[in-house]
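Note that the structure is a prediction, hence the values are computed from the model and not measured. Throughout, protein chains are lettered first and strands after them, A, B, ... in sequence-line order, and every chain is numbered starting at 1.
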2 protein chains.
Amino acid sequence: MALEIPEVVINRLPIYARALAALAEQGETVVSSQALGQALDVTPAQIRKDLSYFGRFGKQGRGYNVPGLLTRLREILGLDRQWHVCVVGVGRLGQAIVEYGGFGPQGFQIVAAFDADPAMVGRRVGGITVRAATELDGFLHNNRVDIGVVAVPAAVAQQVVDQLVKAGIRAILNYAPMTPHVPRDISIRHIDPVIAMQSMTFYIKLAEGGGK
Amino acid sequence: MALEIPEVVINRLPIYARALAALAEQGETVVSSQALGQALDVTPAQIRKDLSYFGRFGKQGRGYNVPGLLTRLREILGLDRQWHVCVVGVGRLGQAIVEYGGFGPQGFQIVAAFDADPAMVGRRVGGITVRAATELDGFLHNNRVDIGVVAVPAAVAQQVVDQLVKAGIRAILNYAPMTPHVPRDISIRHIDPVIAMQSMTFYIKLAEGGGK
DNA sequence: TTCCGTCTGTTACGGATTTCACAACCGGAG
DNA sequence: CTCCGGTTGTGAAATCCGTAACAGACGGAA
């Protein structure tokens, strides 16, 4: 019904999909919003409401068909396709990303990696050959790349992001410790363990005695 | 004033602090909420409102004193202290975490790493010696550890989290691709690049033509 | 067939968060 | 000393989001 689906809802769908995949793995064929909510620490009402943005997937009195709902969620999110990812920056962090085996099985194929360091160019990392940063533009124009992963120092991250955006990339996963500026129609997500820790310390401190 | 500060506000403070640190680095001594908002893509009103939960830090007509506000934010968040972190799971991901140089300079000191694999135990990674998983409980009881980083397979993550919580840890940074259950008074943050990508694909697909 | 327990989809409500708008304030110029 | 452009802090309004509650539907039991 609604063409305006809140972003918070979209962000929860992959979590639901992952939980459903785990249930399917265990051979479960049916799950209620209550059971799913219990596993994920969200209220059943929230799950039902979120799903209702996209259609009616459940059966009253029964619950949801696990493989069926999983398939629909994967369609909605586009997880039934293969996505092409490139990694910019093949330092320690970039290498870990390229070598990480968790993307491929989920349909995210790393098709290229770039680095500005000449000593890095030409080396094979995780099965692909590192290209020169100067080849980035050309590569993006000659190959479909859906998502750019930014793993460069903060000082050059904005420049890399601009380059990716100008080349037509629509989604960016940013590992650099800064907040790059992107046009409104580009998706960006930030992976920043330090920032995550820095918000938790507030609560540790609070629990330790509130006082300063 | 308020003893009930929204969590979203707390989560934004480290971002503000980081931006202020960058400004201080450049020698800026004063910044307005407008200028800061422009750099971070948030509204000036939001910044002012967020800061107002903690006091009055600005001067009308001038803005905020950069080093002064930075110091206050770091106090509020507890970033003026040294925090002790342990890493559980020293596979590829855990190794990358232990070797990552970004935690130390921000006051997060990795004091121990644990792994269940006997082949891993005793090896030195990033300057520390990997301990056996069986030593985890003992270590946590004999040493102050503030934050636990979980980098184990999803199948055993809940078990590790439970162990950390039982030993008195108050904050967890979870890299495992699942959602562990924790008591309400424990902070937990999730680092999951796959989930992040999976919400962006929805928008890529949307932009590609809306239709399925 | 009818009844009953269960569970969805949805609407209405309430709370939380963001944005708006403006009075109060600051410091410098004249 | 007074005026003025610029900026904060903040209550009020608007928006967004989550929760509650219930009508309607389903499947099995009798």
Peer 1: Would you indicate, yes or no, if C:dC7 has its OP1 or OP2 atom less than 4.0 angstrom from a side-chain nitrogen or oxygen of A:S33?
Peer 2: no

Peer 1: Between C:dC20, C:dT11, C:dT17, which nucleotide gets closest to the side-chain atoms of A:K49?
Peer 2: C:dT11

Peer 1: Would you indicate which nucleotide in C:dC26, D:dC26, C:dC7 comes nearest to any side-chain atom of A:K59?
Peer 2: D:dC26

Peer 1: On DNA chain D, nearest-nucleotide positions of A:G61 versus A:T43: which is more 5'?
Peer 2: A:T43

Peer 1: Go nucleotide by nucleotide along DNA chain D from the 5' end; which of B:P44 and A:V42 gets its closest nucleotide reached first?
Peer 2: B:P44

Peer 1: Report yes if a side-chain nitrogen or oxygen of B:R48 is closer than 4.0 Å to either non-bridging phosphate oxygen (OP1 or OP2) of D:dG11; otherwise report no.
Peer 2: no

Peer 1: Rounded to the nearest angstrom, tell me the gap between atom CD in A:E7 and atom P in C:dT17.
Peer 2: 17 Å

Peer 1: Nearest-Å distance, CD (B:Q34) to P (D:dT7)?
Peer 2: 7 Å

Peer 1: Using a cut-off of strictly less than 4.0 Å, decide whether A:Q46 has a side-chain nitrogen or oxygen near OP1 or OP2 of D:dG18.
Peer 2: yes

Peer 1: Which of the following nucleotides, D:dC17, D:dT19, C:dA24, is nearest to the side chain of B:Q60?
Peer 2: C:dA24

Peer 1: Where the side chain of A:S32 is concerned, which of C:dT8, D:dG18, D:dG9 is the nearest nucleotide?
Peer 2: C:dT8

Peer 1: In whole angstrom, what separates B:I47's CD1 from D:dT7's C1'?
Peer 2: 13 Å

Peer 1: Are A:R74 and A:D80 close enough for a salt bridge, meaning some N to O gap below 4.0 Å?
Peer 2: no

Peer 1: B:D146 and B:H84: side-chain donor and acceptor closer than 3.5 Å?
Peer 2: no

Peer 1: Base of D:dG9, side chain of B:R56 - is there a donor-acceptor contact under 3.5 Å?
Peer 2: no

Peer 1: Send over the distance from A:N65 CG to C:dT8 P, rounded to a whole Å.
Peer 2: 13 Å

Peer 1: Do B:S33 side-chain atoms and B:I47 backbone N/O form a donor-acceptor pair below 3.5 Å?
Peer 2: no

Peer 1: Nearest-Å distance, CZ (B:F54) to P (D:dT10)?
Peer 2: 14 Å

Peer 1: Nearest whole angstrom, please: distance from the P of C:dA16 to the CG of B:N11.
Peer 2: 17 Å

Peer 1: Starting the side chain at C-beta, find the nucleotide from D:dG9, C:dC7, C:dT19 nearest to B:Y64.
Peer 2: D:dG9

Peer 1: In this structure, how many angstroms lie between the P atom of D:dG9 and the CZ atom of B:R72, rounded?
Peer 2: 13 Å

Peer 1: So does B:R189 pair up with B:E7, basic N to acidic O under 4.0 Å?
Peer 2: yes

Peer 1: Less than 4.0 Å between a side-chain N and a carboxylate O, is that true for B:R72 and B:E75?
Peer 2: yes

Peer 1: Could you give the CG-to-P distance, from A:L51 to C:dC7, as a whole number of Å?
Peer 2: 16 Å

